[in-house]
Amino acid sequence: MPEAAPPPLPLLAAASSPAAGPLQRARRRQLQQHRRGWRRPRGLLAWGALVAFFFVMNWWMFSRLQDPEARPHFRLRRHPPRADAAARNSSSLSTLEEVAGTAKGKGPHRVMLTRLLALAAHALAEAETRPEPKDLWEEPINATMWRPCSDQRDWEASEGTNGYIMISANGGINQQRVAICNAVTISRLLNATLVIPKFLYSNVWLDKSQFGDIYQEDYFINYLKSDIRIVKDLPVELQSLDLEVIGSLVNDTDVMKEAKPSLYVKKILPILLRNRVVHFIGFGNRLSFDPIPSDLQRLRCRCNFHALRFVPKIQEMGALLVERLHGHKSHLSPLKDSLLGQFAVKSAPSANKSDASKYLAVHLRFEIDMVAYSLCYFGGGKDEEDQLEAYRQIHFPVLTELKKTTKLPPAAFLRSEGKCPLAPEEAVLMLAAIGFKRSTNIYIAGAEIYGGRHRMAAISRLYPALLTKETLLSPSELEPFKNFSSQLAALDFIACAAADAFAMTDPGSQFSSLVQGYRMYYGGGNLPTIRPNKRRLASIFVKNGTIEWQEFQTRVRKLIQQTKQVHERPVARSIFRHPRCPECMCRTEH
């Protein structure tokens, strides 16, 4: 029933006259009650209108996420020739609705992301005019107390007279890098001569690159000549030996993971002395980080942070990549000198570096191999499960057989324990929560994301200024690296290491760990790395149905802030990932 209109003004005036009698006073009280009753619904209507306004705004922001016509394109602001290509690439992105529709059933994880993404879109729109958190692009002040010093030596060069060590490293560029430096360390331990490492061909990485295609051989040999003897080939008289027959082939089943130095002295040295050569096959993570003599630990740091320099072809393209990301020729720094060599620009640092020249690098470790190996579920229904199982049967047959004979933890448990890689949807929520503005330039590192552009829809909707090496470099510039995944990964490594801020989505990733260590070693306390605790992040995501954005933002920021704390390397932690220790870095008091 419609509300009654207020009485006309003359009647109101008469009702309020001091000369009014009892009847008039009674009527005046009646009219006042009526007016209060009329104002109360009007207040409720105003409140309802306000609530409706915010609801409409949230709906509008979310519709922007899902409307293909409203979809912004990737923007490449400082390299115009590639901007159109970036726009063409993003124009095929599917909507979040389409992504959700790929699953046969409805899972809570997908619903959570849809709701939180809508809240994030609204929050980013509101935050665009506000300043970012002060510590977003900074490390804690005590990070400046550590400086590189693993280049210092206090020993004589090893003569390498006990024989020759060969390695054929497996995995991608990151696993190979660790294997190289472990081989250098073992060669010193056993007084052996190291033969330039070989790389095994992988049916996952599909890359035939060898050491000299990625790293400078002569620089490597000369830089470490004060530590060990290195040669390019095995002597002719030993090349005809059948190493398997004489017992000189050592694979990963012969040496346990992260073995102590004493095992090599006890088990490998006798073979070396007897046959004059030992060939390690695989050699992934086969040397412990503790306990190990401090001078050998320092040698391992020296190898990783000083001796391994990319070949000029990679350095030159990496320098071009960083220049286009920053929008200018950035000044020389120890990090850029190590990464880019002669192609590092030797100019004075700019006193007024604008925010527009900053960029965030994000390593999305969400390739199909990672997704399949994790045994996690990502909302794709039976189609996803069948596809990943087929991939496991081809690339991870041991895991497939293990599933048949062993009861493995369910996907929900793996997620709650932080064992699943962050999907692009989860990664973008983390970035929005900690305060990166919608206009932030974001460099995406990694190989082809599982789910392709359908999966990337969420992140590109919230952060349209996405950049990759494919959008920053022309096809002709990328042509020399085509079909060489390790060399392409080297370009990603350079872009991530040189970024103003770096965010990893899987702290267990070898690539992210190496980038983090490089930034920690050379950054001078000015290159922050965002490392999510996936277990704690999962405990926040599990409240997706009820959590509001303010609480979500507060909890995620607290989580990330705690991971930024500066501390010395914990016992047994990788020095490639965390070089803040006396063997690798020196601490100075301010």
Side-chain angles (χ1 to χ4, degrees), residues 57-77 86-87 89-100 109-130 132-133 136-137 355 358-364 366 378-379 422-446 449 451-468 471 499 501-505 530 532 537 540-541 544 547-550 552-557 560:
M57 284 300 296
N58 270 321
W59 170 85
W60 180 80
M61 290 301 298
F62 187 48
S63 68
R64 296 281 295 176
L65 282 171
Q66 296 191 339
D67 181 10
E69 296 301 320
R71 182 178 301 125
H73 298 316
F74 290 168
R75 293 183 307 209
L76 185 56
R77 300 174 177 175
N89 288 341
S90 73
S91 64
S92 63
L93 286 170
S94 296
T95 65
L96 290 179
E97 201 168 48
E98 289 169 335
V99 173
H109 182 59
R110 188 171 61 258
V111 173
M112 171 198 72
L113 293 177
T114 304
R115 177 180 176 273
L116 282 176
L117 285 167
L119 296 177
H122 182 69
L124 284 174
E126 287 188 333
E128 194 62 26
T129 57
R130 296 198 294 263
E132 292 175 322
L136 194 60
W137 301 90
D355 289 342
K358 291 181 179 179
Y359 74 94
L360 164 70
V362 179
H363 180 220
L364 283 178
F366 202 69
F378 296 96
L422 292 186
E425 307 96 297
E426 296 169 304
V428 76
L429 286 171
M430 176 184 72
L431 298 178
I434 60 181
F436 286 103
K437 289 187 175 183
R438 176 177 167 81
S439 58
T440 303
N441 290 322
I442 300 181
Y443 179 86
I444 301 295
I449 300 300
R453 298 191 175 278
H454 294 274
R455 201 89 211 192
M456 287 296 291
I459 193 169
S460 60
R461 295 297 69 73
L462 296 186
Y463 290 97
L466 295 184
L467 305 165
T468 65
T471 61
F502 170 64
M504 60 177 72
T505 58
I530 298 163
L537 202 55
I540 301 174
F541 279 137
N544 68 86
I547 194 169
E548 293 302 327
W549 183 256
Q550 186 62 45
F552 178 79
Q553 184 180 62
T554 300
R555 293 183 63 179
V556 172
R557 285 187 181 182
I560 297 300

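Taking CD1 of Ile434 as the start and CD of Glu132 as the end, the distance is 10.0 Å to the nearest 0.5 Å. Note that CD1 of Ile459 and CG of Leu117 are 10.5 Å apart. Values are rounded to the nearest 0.5 Å. Separation of atoms CG (Leu431) and CD1 (Ile442) is listed at 5.5 Å; rounding is to 0.5 Å. The CD1 atom of Ile444 lies 8.5 Å from the OG1 atom of Thr468; values are rounded to the nearest 0.5 Å. Of the inter-residue distances, the one linking Met504 atom CE with Leu422 atom CG reads 11.5 Å to the nearest 0.5 angstrom. For the atom pair CD of Glu548 and OG1 of Thr554, the computed distance is 12.0 Å after rounding to the nearest 0.5 Å.
Remark: side-chain polar atoms of Glu126 are not paired, donor with acceptor, to backbone N or O of Ala123 under 3.5 angstrom. Side chain of Arg438 to backbone of Glu128: no donor-acceptor contact under 3.5 angstrom is found. Judged by distance alone, the side chain of Thr471 and the main-chain N or O of Leu467 form no donor-acceptor pair under 3.5 Å. Without hydrogens or angle criteria, Arg115 side chain to Ile547 main chain gives a donor-acceptor distance under 3.5 Å. A side-chain donor-acceptor contact under 3.5 Å links Thr505 to the backbone of His363. Judged purely by atom type and a 3.5 angstrom limit, Lys437 uses its side chain to pair as donor or acceptor with the backbone of Arg130.
Closest of all the heavy-atom pairs between Val428 and Tyr463 is CG2-CD1, 3.5 Å. Taking each heavy atom of Gln553 and Ala433 in turn, the nearest pair found is CG-O, 3.0 Å. For the residue pair Ala465 and Ser439, the shortest heavy atom distance occurs at CB-O, 4.2 Å. When every heavy atom of Gly435 is checked against every heavy atom of Arg557, the shortest pair comes out as CA-NH2, 3.6 Å. Listed here is the closest heavy atom pair of Phe436 and Ala501: CZ-CB, 4.4 Å.
Taking the six-membered ring wherever Trp is involved, the centroid distance between the rings of Trp137 and Tyr359 does not fall below 6.0 Å.
When side chains are defined from C-beta on, Met430 counts as touching Ile560, because their heavy atoms get closer than 4.5 Å. At least one side-chain heavy atom of Leu462 sits under 4.5 Å from a side-chain heavy atom of Leu124.
The side chain to side chain donor-acceptor pair (under 3.5 Å) check on Gln550 picks up nothing, with sequence neighbours excluded.
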| Are Trp549 and Leu429 close enough, and set up right, to give a side-chain contact (heavy atoms from CB on, under 4.5 Å), and what steps lead you there? | CA-CA 10 Å; Trp549 183 256; Leu429 286 171; 4.2 Å; yes
Could you go step by step and tell me if Phe552 and Ile540 meet the side-chain contact (heavy atoms from CB on, under 4.5 Å) rule?
-> CA-CA 7 Å; Phe552 178 79; Ile540 301 174; 3.6 Å; yes
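The pair Arg461-Glu425 fails the salt-bridge criterion, with no side-chain N (NZ, NE, NH1 or NH2) lying under 4.0 Å from an Asp/Glu carboxylate O.
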